[in-house]
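Data block below; observations after.
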Amino acid sequence: MSKRRFQTAGDCRAVVLALACWTVCCLLVMSGCKVSEDATAASTQMASTCKALSGYYAALGQTMDSTIRANEAQYAVLGVPFDAATRKQMEDVKKELEKRSAMADELAKVSTLFSKLTGSSSAEDSAAAVGKLDDELVALSLIAENDGAETALKQGVKLIVTLVQEHKEKEAAQKMEPLAKDLSAFFDSEKATYDSIDHAYLVLAASTAQALLDKGQVDEGSFLRPVLKPFGLTANLTSDEVKAGMKGYVREQIVAKTAEQQAIYDKASAGMSDSLKEMSRRISVVVADKPMPFRGNPISLEDVMKWVDEMSQ
Amino acid sequence: MQSALAALESVYFTLQTNLSMILAATPADQRDVVMSNYVAARSNYWACIGKSFHDDDPALISLVNQMGPVEDFLKGANKELGDIAKVIGYITKAVDIGAQIASKVVTL
């Protein structure tokens, strides 16, 4: 896509618009499908995917905070300057990630409201859900910070109401199906950047930890806690030979833990990409009037949430 | 853009991984050269990350290609620490090319 199409609109504003239209139209499709369970399940799954996407971006934002703090630590340990301009570069990257997180969070709310709409047979409940949906789309347009995007979003709201009333879901879905594929392509087009941000933090943290270890400023005895804790004892390393042995062990642990953290992130990043692709495939299935073989959340979302949970601890 | 990011990432990550070791092997009067090159490599990298939401530019390819042999040397730099002047020379060259790439990226 789409990367190019999004970029010409600037920042992530076009992404916000495209995502909003995509969510809105996909859910329209779901609301009009023959099997109501499919509609509700698809809406719920969409909300889960958008929530995971929001969490993914928020966790990357936390990684940027950690990167800034790690650079401060490196300055303290090695005296490497950490100037205001570099700090601002990192803060700007964090802001970009926060924008994407907020956008995905709003889309999750929109998806949840659609889920209520599709699951409700009461006209009053439907009217209330549409009212809340309108509010959420206004929130989305505020994130967009762009008159053109805001106008398009408002038109999108009108389109929802009209299409729901006229039951022209399939026509809308057919038009929007390529955009759903573009969304997945958009994430993939930026994925190398997301991956690099996480890798940069781990490389910096590991090398600073190694530098601290080399300077003898790490308490290697902390690695003996599992052995001593049951007896209420703490390590008191005085032997140079034992200390040297522990230093080698600690060095290996830093390398191993770095690889472990990298692997967890890599699975999360690949999982997010796979989940978005799965969403796109399911939309295609609904558009083609085929039965949805699996209604639950994609398994790959679990890998995303595992990393997000770990980052929030 | 991704190839530009990969080139700058390689230089920055390699320097980051070996920074402590390179600084330990560098005479006191040359530490500032290593430090300023590292800071420039880090800044180039983050500039590219910040701009990586933009398109690829074919004009970057030649700069990225120039970086290849320099990257290769730096990845094996820990074996060349006996000739620290040569290592610093390559670091400086890598950072210069990186600055050109970052500058090109920022103007996209």
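Every chain is numbered from 1, with letters handed out A, B, ... down the list of sequences.
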Are more than 12 heavy atoms, taken from residues, nucleotides or ligands other than A:F223, located less than 6.0 Å from that residue's CZ atom?
yes

Is it the case that atom CD in A:E241 sees more than 12 heavy atoms from other parts of the structure closer than 6.0 Å?
no

For residues B:W46 and A:V93, report the shortest heavy-atom separation together with the two atoms involved.
CE3-CG2, 4.2 Å

Return yes when atom NZ of A:K267 has more than 12 non-hydrogen atoms of other residues, nucleotides or ligands closer than 6.0 Å, and no otherwise.
no

What distance do A:T67 atom OG1 and B:I49 atom CD1 have between them, rounded to the nearest 0.5 Å?
10.0 Å

Measure across B:L5 and A:A192 and return the closest heavy-atom pair with its distance rounded to 0.1 Å.
CD2-O, 4.3 Å

Under 4.5 Å to a heavy atom of chain A? For B:F13 that would be both

If you define the side chain from C-beta out and look only at heavy atoms, does anything of B:L19 sit under 4.5 Å from A:S207?
no

Portion of A:T258 that has a non-hydrogen atom of chain B nearer than 4.5 angstrom
neither

Tell me which of these, A:N71, A:L78, A:V80, has more heavy-atom pairs under 4.5 Å with chain B than the rest.
A:V80

Identify the heavy atoms of B:Q16 and A:L204 that sit nearest to each other, and give their distance.
OE1-CD1, 3.4 Å

Determine whether a donor-acceptor pair (N or O, by modelled atom type, separation under 3.5 Å) exists between the side chain of A:Q89 and the backbone of B:S43.
yes

Considering only heavy atoms, which portion of A:Q210 lies under 4.5 Å from any heavy atom of chain B: side chain, backbone, both, or neither?
neither

So for atom NZ, which belongs to A:K51, do other residues, nucleotides or ligands contribute more than 12 heavy atoms lying within a distance under 6.0 Å?
no

Count the heavy atoms of every other residue, nucleotide or ligand shown that sit under 6.0 Å from OH of A:Y265, and state whether that count exceeds 12.
yes

Minimum heavy-atom separation for A:D214 and B:S20, please, with both atom names.
OD2-OG, 4.2 Å

State, to 0.1 Å, how close A:S196 and B:Y45 come at their nearest heavy-atom pair, and which atoms those are.
OG-OH, 2.6 Å

For A:F82 and B:R42, the nearest pair of non-hydrogen atoms, with its separation, is CA-NH2, 3.7 Å

Tell me, for A:T86 versus chain B, whether the close heavy atoms (under 4.5 Å) come from the side chain, the backbone, both or neither.
side chain

